[in-house]
Trainee: 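Okay, handing you the structure first.
Order of the sequence lines fixes the chain letters, A, B, ..., with proteins taken first and strands second; residue numbering starts at 1 for each chain.
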Number of protein chains: 2
Amino acid sequence: MSKLLDACSQTLMETAPQIMQAIRVEMRRGRGSDISIPQFRAMRFIQRYPDSSLSSLAEHLGLTLPSVSKLVDGLVNQKLILRGILPEDRRKITLSVTTTGSAIVNSARTIARSTLAEKMKNLSDSDLRSILQAMQLLHLIFNDQGK
Amino acid sequence: MSKLLDACSQTLMETAPQIMQAIRVEMRRGRGSDISIPQFRAMRFIQRYPDSSLSSLAEHLGLTLPSVSKLVDGLVNQKLILRGILPEDRRKITLSVTTTGSAIVNSARTIARSTLAEKMKNLSDSDLRSILQAMQLLHLIFNDQGK
DNA sequence: TTCTAATAGTTAGAAAGGCTAATTAATTAT
DNA sequence: ATAATTAATTAGCCTTTCTAACTATTAGAA
């Protein structure tokens, strides 16, 4: 049980919520359309993996199928994504982002990204590299949540 | 607009939610008492700043006063914190953690911390140092949310 | 000093987002 | 052909959050 490992866990538990809060605030600020963080993440996922199923989206988001079904309902109603049926297996649905959806994701992303960048602009390059590396490591570790 | 800065913002936006999710899962697993992340953060804050007011807590959590009032209700009902009146200004309340509250926070913290540590145990010391440094930097940046 | 402003919290009521359990529809396997 | 499995939805509930309206207390101005 290394001291270092312990310190990492601890600081992670304290810092992660703060970062999330900042991100949430920036996302809200950059709204013209009301889009929550999970909705945003959903659209990003669908953008990256077009025609993905509800199940894979649920797994990515770490939510249950019913929750994601509702979340998708909301996005479909706002015409930000499309829900189709997969011909080869008609139980499955295929999700895709509409052009307006794409535009909204991209603009929200740009705004949030630039305000986050603003906050970090006074850091040295070495600090930034540290952060980048740390995030990449954490991304790998926490990507497949719990499996 | 450095590439590095941009990459940092981007990876931050992608990774932070995943980390939060993992933390939430661990907190739930380590429950014997049902305590949400915001409640946990509230108790941590009150532990650190005893006799703090509702307003300062609300500011720390990034929530509105009514929301925090309810959140505090919940903790008071579970006898995890105490809500008193400040004699010098009877409009203000003072919050403090009970001994059972303290015990629960500490055990939840220990459990979550050790399962997070478990996930990171295969990282090298240099990777861990990277993460630690990054978190400390981000903690400083995002501590005073938005001010 | 007395009335008005401002401040600290609470209450009420609505909306959103999550869950479990039950249901429907389609596919696979016996 | 029927049973079991899989994919998604619906129903119903609970929690968390918000805004708006309210109460109580203090501070300030006439």
Trainee: Under 4.5 Å between any side-chain heavy atoms of B:Val105 and B:Phe40, yes or no?
Mentor: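 Contact flag for B:Val105/B:Phe40 side chains = yes.
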Trainee: Check the distance between C:dT28's P and A:Glu88's CD and give it to me in whole angstrom.
Mentor: 11 Å
Trainee: In this structure, how many angstroms lie between the P atom of D:dT16 and the CZ atom of B:Arg24, rounded?
Mentor: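 Interatomic distance, CZ of B:Arg24 to P of D:dT16: 12 Å.
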Trainee: Kindly say whether, by distance alone, the side chain of B:Arg91 makes a donor-acceptor pair under 3.5 Å with the base of C:dT7?
Mentor: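 Yes.
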Trainee: Examine the side chains of A:Ser102 and A:Thr99 and answer whether a donor and an acceptor come within less than 3.5 Å of each other.
Mentor: no
Trainee: Return the value, rounded to whole Å, for the distance between atom CD1 of A:Ile93 and atom C1' of C:dT24.
Mentor: 15 Å
Trainee: Please give me every residue in residues 67-76 of chain A whose heavy atoms get under 4.0 Å of an atom in DNA chain D, ordered by residue number.
Mentor: A:Ser69, A:Lys70
Trainee: Taking only side-chain nitrogens and oxygens of B:Ser36, does any of them come within less than 4.0 Å of OP1 or OP2 of D:dT16?
Mentor: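 Checking B:Ser36 against D:dT16: at least one side-chain N or O falls below 4.0 Å of OP1 or OP2.
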Trainee: Classify A:Leu65 by what it touches in the nucleic acid, base, sugar-phosphate, or nothing, heavy-atom distance under 4.0 Å.
Mentor: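 Answer is base: heavy atoms of A:Leu65 come under 4.0 Å of a base.
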Trainee: I want to confirm an ordering. Mapping A:Gln39 and B:Leu54 to their closest nucleotides on DNA chain C, which one lands closer to the 5' end?
Mentor: B:Leu54
Trainee: Check whether any side-chain heavy atom of B:Cys8 sits under 4.5 Å from a side-chain heavy atom of A:Met135, and report yes or no.
Mentor: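 SC-SC contact between B:Cys8 and A:Met135 ruled out.
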Trainee: Given atom CZ of B:Arg83 and atom P of C:dG9, what is their separation to the nearest angstrom?
Mentor: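 After rounding, the gap between these two atoms is 10 Å.
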Trainee: From CG of A:Asn77 over to P of D:dT9, roughly how many Å is that when rounded to an integer?
Mentor: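 Distance check: A:Asn77 CG to D:dT9 P gives 12 Å.
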Trainee: One pair to check against salt bridge (Lys or Arg N to Asp or Glu O under 4.0 Å): A:Arg44 and B:Glu14. What are the steps and the verdict?
Mentor: CA-CA 10 Å; A:Arg44 283 285 294 156; B:Glu14 281 170 9; 3.2 Å; yes
Trainee: Apply the syn/anti split at 90° from 0 to C:dA5 and say which one it is.
Mentor: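 It is syn.
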Trainee: Paired with D:dG12: which nucleotide, if any, by Watson-Crick or G-U wobble criteria at under 3.5 Å for both distances?
Mentor: C:dC19
Trainee: Would you say the side chain of B:Ile141 lies within less than 4.5 Å of the side chain of A:Leu123, judging by non-hydrogen atoms?
Mentor: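 Result yes, sub-4.5 Å side-chain heavy-atom pair found.
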Trainee: For the pair made of CG in B:Asp51 and C1' in C:dA8, what is the distance, rounded to whole Å?
Mentor: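 Result: 16 Å.
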Trainee: Within a strict 4.5 Å, meaning less than it, do heavy atoms of the B:Ser56 and B:Tyr49 side chains meet?
Mentor: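 B:Ser56 vs B:Tyr49: side chains apart.
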Trainee: To the nearest Å, give me how far apart CD (A:Gln78) and C1' (C:dG17) are.
Mentor: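 Interatomic distance, CD of A:Gln78 to C1' of C:dG17: 14 Å.
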Trainee: Side-chain N or O of B:Thr64 versus OP1/OP2 of D:dT17: is the shortest distance under 4.0 Å?
Mentor: no
Trainee: Take atom CG of B:Leu63 and atom P of C:dG9, then tell me their distance rounded to the nearest Å.
Mentor: 15 Å
Trainee: Hey, does B:Pro66 reach any base, or is it just sugar-phosphate, or nothing, if we go heavy atoms under 4.0 Å?
Mentor: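 B:Pro66: base contact, heavy atoms under 4.0 Å.
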Trainee: Any chance the side chains of B:Ser107 and B:Thr110 put a donor and an acceptor closer than 3.5 Å?
Mentor: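 There is no such pair between these side chains.
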Trainee: Watson-Crick or G-U wobble partner for C:dA5, using a 3.5 Å limit on both distances?
Mentor: none
